[in-house]
Amino acid sequence: MPFLDISPLELIALLALAVMLFGPDKLPGAVQGLARTLRQFREFTRNAQNDLKKELGPEFQDLELTDLHPKNFVRKHVLGPEDGDFREIRDITDSLNGEIRGAAEGARRPLAADDATPDDALYRAPAPRLAAGERPPFDADAT
């Protein structure tokens, strides 16, 4: 099992910390207990994975637990191995963002008389003006 981004200096610091916490006489017992716990955890995950494969059926015999992570699942089952970097999804997203920007810019321009539809009258109605010091109406049920 590789040490994930642990430098030799960090490993030495962890060992020194373990010696200070447990003492030189109890450290071997603590390491044995940790190794036993790690073996039990690995056995538990292996059994859980085998039970999952057995329950899902023969078409999932190559199932790995890491495949259940959403990013790995999409990469393996939706995109395929050659599309692992989500390039196609990024292209679609960029084109949709361009369309949304275009629609937003079109919405900013004032409507001409020939653009009007019956529903536009609702949006063109001027907001009611409030007198100085007058508070806007408050609807307790709407908040």
Side-chain angles (χ1 to χ4, degrees), residues 1-130 134-143:
M1 182 173 127
F3 292 103
L4 304 174
D5 295 333
I6 295 179
S7 70
L9 184 61
E10 291 171 335
L11 189 59
I12 291 171
L14 287 173
L15 288 174
L17 182 64
V19 168
M20 285 190 292
L21 285 175
F22 296 107
D25 50 332
K26 293 184 181 178
L27 187 61
V31 170
Q32 286 176 348
L34 181 64
R36 182 175 32 256
T37 303
L38 186 59
R39 265 194 309 275
Q40 289 174 346
F41 179 73
R42 283 183 182 166
E43 182 181 341
F44 172 75
T45 56
R46 192 177 315 112
N47 289 339
Q49 187 173 0
N50 290 337
D51 290 345
L52 187 63
K53 285 179 184 180
K54 186 173 72 175
E55 292 295 325
L56 290 176
E59 59 270 6
F60 290 100
Q61 288 304 311
D62 62 340
L63 176 72
E64 294 294 324
L65 290 179
T66 56
D67 293 342
L68 298 178
H69 188 280
K71 189 181 274 186
N72 294 338
F73 184 83
V74 168
R75 191 175 288 141
K76 182 175 180 181
H77 297 287
V78 176
L79 298 177
E82 67 278 354
D83 295 328
D85 61 353
F86 301 102
R87 192 173 302 123
E88 185 178 333
I89 291 176
R90 266 191 237 117
D91 293 342
I92 293 170
T93 305
D94 291 343
S95 69
L96 287 175
N97 285 338
E99 289 178 22
I100 291 170
R101 272 189 233 105
E105 289 172 6
R108 286 190 203 126
R109 71 173 176 79
L111 290 175
D114 57 343
D115 289 341
T117 63
D119 293 333
D120 288 337
L122 296 174
Y123 299 109
R124 288 186 190 194
R129 298 280 181 194
L130 299 175
E134 184 182 1
R135 299 185 72 184
F138 179 77
D139 185 3
D141 293 333
T143 57

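Positions are given from 1 along the sequence.
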E10: what forms a side chain to side chain donor-acceptor pair (under 3.5 Å) with it, not counting sequence neighbours?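 Expected list: none.
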
Who passes side chain to side chain contact (heavy atoms under 4.5 Å, CB included) against [X], sequence neighbours left out?
| X | result |
| --- | --- |
| L130 | E134, P136 |
| L34 | none |
| L56 | L52, F60, L63 |
| L21 | L17 |

Looking only at non-hydrogen atoms, find the nearest pair between L11 and I6 and report the distance. N-CG2, 3.9 Å

First locate atom CG of L15, then atom CE of M20, and finally report the distance between them rounded to the nearest 0.5 Å. 11.0 Å

Does anything in residues 46-57 form a side chain to side chain donor-acceptor pair (under 3.5 Å)? List the pairs, not counting sequence neighbours. Q49-E64

